Amino acid sequence: PLCSNNNPYASFGATLARDEEQNLWSTPHDVTHTEADDDRVLYNMIVVRNQLDKDSEEWQKLNYDIYTLRQTRKEVRSRWKHILEDLGFQKEADSLLSVTKLSIISDSQNMSKARDILLKLLEETNIFPTSWELSERYLFVVDRLIALDAADEFFKMASTVYPKRPGGDRADEGPRALQS
């Protein structure tokens with residue numbers, strides 16, 4: 001037999017995890033990522049940093065900024081994944097969040113609704129940091145949630161877990177509050 005243990009998908013999870021790590025838009029040369037404005041900003045920062053002397057203060061500052069941007073992206077993705085898992089999408093969360101250049105909007109009529117929900121998430125929750133500029137990536141994710149008839153539930157959960165707080169952009173106690 002070609003497959004051990006009669007499970008043809010045994011290595012699929014490892015491959016998906018490895019692909020998703022690359023698809024966090026943290027690797028500018030990743031051929032599967034969707035190029036958006038925030039990708040170009042990150043890419044330009046990396047290009048400028050790579051032209052500088054590694055011992056220079058400018059290189060260190062740019063390196064820190066690049067690291068911070070990547071960490072922020074990972075944190076936002078983690079927040080989305082947490083909510084998706086709480087909504088019952090434990091097995092599908094990674095695939096729902098995976099956006100590549102092959103991703104398409106499922107229904108062009110959903111585009112305005114997806115954009116409205118995304119703007120509402122930005123304005124009424126802390127799922128995105130205060131300084132966050134909307135990423136096209138999450139427009140695809142919201143479109144998928146609309147197709148699954150889960151977008152409104154996602155917004156309600158995001159409002160509960162990451163409520164908008166005046167004077168700060170961190171909602172660290174959100175998940176703990178939901179569990180209690």
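Everything numeric here is computed off the predicted structure, so don't read it as measured data. Sequence positions, counted from 1, serve as the residue numbers for this chain.
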State which residues pass salt bridge (Lys or Arg N to Asp or Glu O under 4.0 Å) with Glu153; sequence neighbours excluded, sorted by chain then number.
Lys156

Take Glu123 and Phe128 through the side chain to side chain contact (heavy atoms under 4.5 Å, CB included) test and state the conclusion after the steps.
CA-CA 9 Å; Glu123 295 169 359; Phe128 297 112; over 6 Å; no

Residue list, side chain to side chain donor-acceptor pair (under 3.5 Å) with Asp116, at least two apart or on another chain:
none

Applying salt bridge (Lys or Arg N to Asp or Glu O under 4.0 Å), can you list everything that pairs with Lys113, at least two apart in sequence or on another chain?
none

Do Arg137 and Trp80 have side chains that approach each other closer than 4.5 Å (heavy atoms only, starting at C-beta)?
no

Here the salt bridge (charged side-chain N to carboxylate O under 4.0 Å, His left out) pairs for residues 56-65, sequence neighbours left out, are Lys61-Asp65

Rounded to the nearest 0.5 Å, the NZ atom of Lys74 sits from the CZ atom of Arg79 at a distance of 15.5 Å

With sequence neighbours left out, write down each residue that passes side-chain contact (heavy atoms from CB on, under 4.5 Å) with Thr68, or none if nothing qualifies.
Tyr64, Thr72

Is there a side-chain contact between Leu118 and Leu122, using heavy atoms and a 4.5 Å cut-off?
no

Which residues share a side-chain contact (heavy atoms from CB on, under 4.5 Å) with Leu84, sequence neighbours left out
Phe89, Ala93, Leu96, Leu97, Leu145, Phe154

Considering only distance and modelled atom types, tabulate donor-acceptor pairs under 3.5 Å from the side chains of residues 46-54, sequence neighbours left out.
from  : atom 1 : to    : atom 2 : distance (Å)
Arg49 : NH1    : Asn63 : OD1    : 2.7
Asn50 : ND2    : Ile46 : O      : 3.3

Leu42 versus Ile66: any side-chain heavy-atom pair under 4.5 Å?
yes

Residue set satisfying side chain to side chain donor-acceptor pair (under 3.5 Å) with Lys120, at least two apart, ordered chain then number -> none

With sequence neighbours excluded, residues passing side-chain contact (heavy atoms from CB on, under 4.5 Å) with Asn44
none

Using the side-chain contact (heavy atoms from CB on, under 4.5 Å) criterion, which residues pair with Ser159? Sequence neighbours excluded.
Thr125, Phe155

Using the salt bridge (Lys or Arg N to Asp or Glu O under 4.0 Å) rule, take Arg115 and Asp143 through it: C-alpha gap first, then chi angles, then the decisive distance, then the call.
CA-CA 9 Å; Arg115 193 170 306 284; Asp143 172 66; over 6 Å; no

